[in-house]
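Every chain is numbered from 1, with letters handed out A, B, ... down the list of sequences.
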Amino acid sequence: MAQVIVNGIVSAALIAPPAVAFSMLFGILRFPNFAIGGYITVGVFAAYAMNVPLALPFWVAALGATLAGAVIVWISDQIIFRPMRTSAPVTLLVVSIALTFVLEHSVRLIFGPDVKGFNLPLERPITLGQIHITRSQIHLIGTALFIIVFTHLLLTRTRTGRAMRAMADNPELAEVRGIRSTLIRVVATLYCGALLGLSGVSAGFDLAIEPLLGWSLTIPIIAAAILGGIGSVYGAMLGAVLVGLAEEFSTLILPSSYKIAVGFGIIAMLLLLRPQGLLGQPEIKK
Amino acid sequence: MDFSTSRRRILTGSAIAALGSTLSPRLLYANDAISIGSLTPNTGGGAPYGGNMAAAIRRTVDQINASGGVLNRQIKLTQEDGETNPETATRAADKLINVNQVIAILGTWASSVTLGIMPKCQSANIIQMCTSSSDDIPIRDTKGLCFNFQILNPVWGRALGKMAIDRGFKQFKLMALNNDFTRSILTGFEEAIGPGRLLEKPFYYNANQASYKAEVSRLLEGNPDAVFIPAYVTDFTSVYKDIYRAGYKGQVITVTFAASEPFKKAVGAAADGILHGFPIPPLDSPAYKQYLQEAGLQDNGQIQHPYGTACRDQISVLALAIEKAGTTEAEAVKRAIYDVSTGPGKKVVYNVLDGLKALRAGEKINYSGAGSAVEFDQNRQLIGRDIQLYQIRNGRDEIIATLKVR
């Protein structure tokens, strides 16, 4: 049981940062951007390219992936989504799914379809009674916590963060109050892109690096964001922990082959029972 | 020139138009090239092999066409990517059958793909050639049109199970990727080791999960001597990372293409010690050596292009069978496949061009291939293939046992 909880927390550490990014992007850009899987794939392959073919240290590769994520999300927004800003959210959603395919197939074209790994030796675990955890997994959890705290401070203690929240709450009112919406959108896309690029590094460390890696994470990430309350950063974090634990605990009572349905199940239940999620605010339409 | 209409002209024109509309595109193709399709796994789980498979078919078709074709007709090859995905493959098969009017579809690899396109092939009388090994294949092939260039999984699984017992392991746990291929190989392994050695009933996981930790925790519970995990390379890489990080010191056993070169590169020295097994091409066969030359490879004593070799055999056997049958009609071709590949007392040929020459000289032939001896039983399955067991040591595969399966 204790090991299941540890496994759930490691999984949560993997999906919490991209769930936060997904939620923030939704708040600022006002549509669910399903291209997160593609952005994560770009991040992990940027890190791989720097760490293995270019033989740069892992921390440099992680930094490079963070930058690559920021740049690709910003460029995608400028080239694809900005000209479509007035389109319906569902149109943008479909376009974002298409963008994921473009990104993943571009990665496949450049790097090939084979699985890859970072230039990091696999570690044996530290054993505490019945619990096994590796130092790298502890770093993974630490990185996720740092990102959450940093994002909290960014949103609550800086003018830019407050402007982002204002934009997420009511973009028209925020503009009337003098917030430079274009600049805030740029900052938000760069920041979320950086989180997604870094999430790619975590995913590549935990799973096999391959062009479809992003798809494996997309459903749990979106489930976490919806569970927590889409648009709520803290909700996304809470949602990630609950989805991570739910997936791990589900294998105790369900055959493992049904585990992948847990994310879908959570989305379906939430949409029926509490569409605004655990920490989200219900949207009032006049 | 008189362009005036008359009743006779209108009637003649209508008759020609009516006749034309009743001729199926297949008949219209008859005097033209012979249309053959390939549906290899260029992307997805089979991607490490798909490129070699497609290239082997293309090379052999080019050889045949350069030497004058089959039945004095050129082969028109249409190649599609099945993406190791039955849904995509079914759409591609639809296109090959209805648009390209192929007489055969070669190169399917995943059992789910071979079985997925089978109903369409059966209803259109299309010959299938595959390297899939689900034991459902001969059962669902009710028209006898699907020739398998791989041994069936239970045979493969039993061989690996026997070799595991020979190495002295007493307690096992088994977990597999949830698909036709891995389920049936696991069944064979389970039969070979018997229920007394199993600590828990085997269980399955899905591909593309965000985490495999819960499954790995369950697999390692009770600390079995050995665990057997038939899988594809992508999911096996993720699963093995978690096995290693959980501190397991027992024996991990899998199938060779899960522990392939990309896997070894991805996990580095942690791969050492894994046992894996695989049906292998006949490394001493002239056909295998010819294949290496054709593909521009050096003979390094290791297995290269295990599925590319089988695809060379597929297109070669099909071309020889068409030549032997004197027609592209499915019933005649499927009978001729046995004539040119199976049975003693015939001239053994190792490539399609020698085979075509011998057939035209009136000789009986037995094609012996680069991937196997290509001898079929009455269910269109390979009679046998050697299976080799390897252990990864210092990042390389070392052969530790060979089992002849007949």
Side-chain angles (χ1 to χ4, degrees), chain A residues 3-4 6-8 10-12 14-15 48 52 105 108 112-127 132-134 136-137 203-213 215-221 223 243-244 247-252 255-261 263, chain B residues 41-51 83-84 175-179 183 201 203-221 232-249 258 260-271:
Chain A
Q3 186 63 49
V4 176
V6 170
N7 292 344
V10 174
S11 295
L14 195 60
I15 53 179
Y48 166 78
V52 181
H105 282 80
R108 190 197 301 276
D114 290 341
V115 295
K116 293 169 176 65
F118 293 129
N119 191 11
L120 285 177
L122 281 189
E123 283 177 286
R124 288 295 190 181
I126 303 163
T127 303
H132 307 288
I133 188 163
T134 64
S136 307
Q137 286 170 332
F205 162 79
D206 198 53
L207 299 160
I209 298 174
E210 52 108 16
L212 294 177
L213 175 63
W215 272 123
S216 309
L217 297 167
T218 300
I219 293 300
I221 290 168
V243 168
E247 286 201 340
E248 297 299 317
F249 273 101
S250 70
T251 57
L252 297 179
S256 295
S257 46
Y258 290 101
K259 176 176 164 179
I260 212 156
Chain B
N42 303 354
T43 51
Y49 311 105
E83 298 183 10
T84 328
M175 170 175 98
L177 175 66
N178 189 16
N179 70 18
R183 273 180 175 270
K201 215 170 152 236
F203 60 96
Y204 305 92
Y205 61 88
N206 285 320
N208 303 321
Q209 292 187 181
S211 162
Y212 297 88
K213 291 178 181 62
E215 290 82 355
V216 166
S217 293
R218 182 174 165 192
L219 182 72
L220 305 183
E221 212 174 287
Y232 289 163
V233 65
T234 306
D235 51 286
F236 183 71
T237 304
S238 301
V239 165
Y240 186 73
K241 280 182 167 186
D242 283 334
I243 288 177
Y244 193 86
R245 286 170 180 153
Y248 180 62
K249 300 273 177 63
S260 58
E261 287 306 313
F263 165 79
K264 287 180 215 127
K265 279 188 192 160
V267 304

At a 4.5 Å cut-off on heavy atoms, which part of B:Tyr244 comes close to chain A: side chain, backbone, both, or neither? both
Among A:Glu247, A:Glu210, A:Glu123, which residue has the highest count of heavy-atom pairs closer than 4.5 Å to chain B? A:Glu123
Give the member of A:Gly8, A:Pro125, A:Pro255 that has the highest number of heavy-atom pairs under 4.5 Å with chain B. A:Pro125
Need one label for A:Val10: side chain, backbone, both or neither, based on atoms under 4.5 Å from any heavy atom in chain B. side chain
Are B:Pro262 and A:Val115 side-chain neighbours, meaning at least one heavy-atom pair lies under 4.5 Å? yes
CG on A:Leu213 to OG1 on B:Thr234, rounded to 0.5 Å: 10.0 Å
Can you say whether B:Ala270 sits under 4.5 Å from chain A via the side chain, the backbone, both, or neither, judging by heavy atoms? side chain
Cut-off 4.5 Å, heavy atoms of chain B, and the answer for A:Leu14 is side chain
Any side-chain to backbone donor/acceptor pair from B:Lys241 onto A:Ala208? Under 3.5 Å, distance only. no
Hey, is the main chain of B:Ala246 close enough, under 3.5 Å, to the side chain of A:Arg124 for a donor-acceptor pair? no
Would you mind checking which part of B:Phe236 comes under 4.5 Å of any heavy atom in chain A, side chain (CB onward), backbone (N, CA, C, O), both or neither? neither
Taking side chain as everything from C-beta outward and backbone as N, CA, C, O, which of these in A:Glu248 sits under 4.5 Å from a heavy atom of chain B? Side chain, backbone, both or neither. both
Step by step, work out the side-chain contact (heavy atoms from CB on, under 4.5 Å) result for B:Arg245 and A:Asp206. CA-CA 10 Å; B:Arg245 286 170 180 153; A:Asp206 198 53; 3.6 Å; yes
Identify which of A:Ile209, A:Leu217, A:Leu122, A:Ile219 forms the greatest number of heavy-atom pairs closer than 4.5 Å to chain B. A:Leu122
For chain A, which candidate among B:Ala47, B:Gly247, B:Gly50 shows the most heavy-atom pairs at distances under 4.5 Å? B:Gly247
pair B:Glu221-A:Gln3: side-chain heavy atoms closer than 4.5 Å: no
Could you give the distance from OG1 (B:Thr237) to NZ (A:Lys116), rounded to the nearest 0.5 Å? 11.0 Å
Side chains of A:Asn7 and B:Ser211: any donor to acceptor distance under 3.5 Å? no
Starting at NE2 of A:His132, measure out to CG of B:Asp242 and round the result to the nearest 0.5 Å. 12.0 Å
Taking side chain as everything from C-beta outward and backbone as N, CA, C, O, which of these in A:Phe205 sits under 4.5 Å from a heavy atom of chain B? Side chain, backbone, both or neither. both
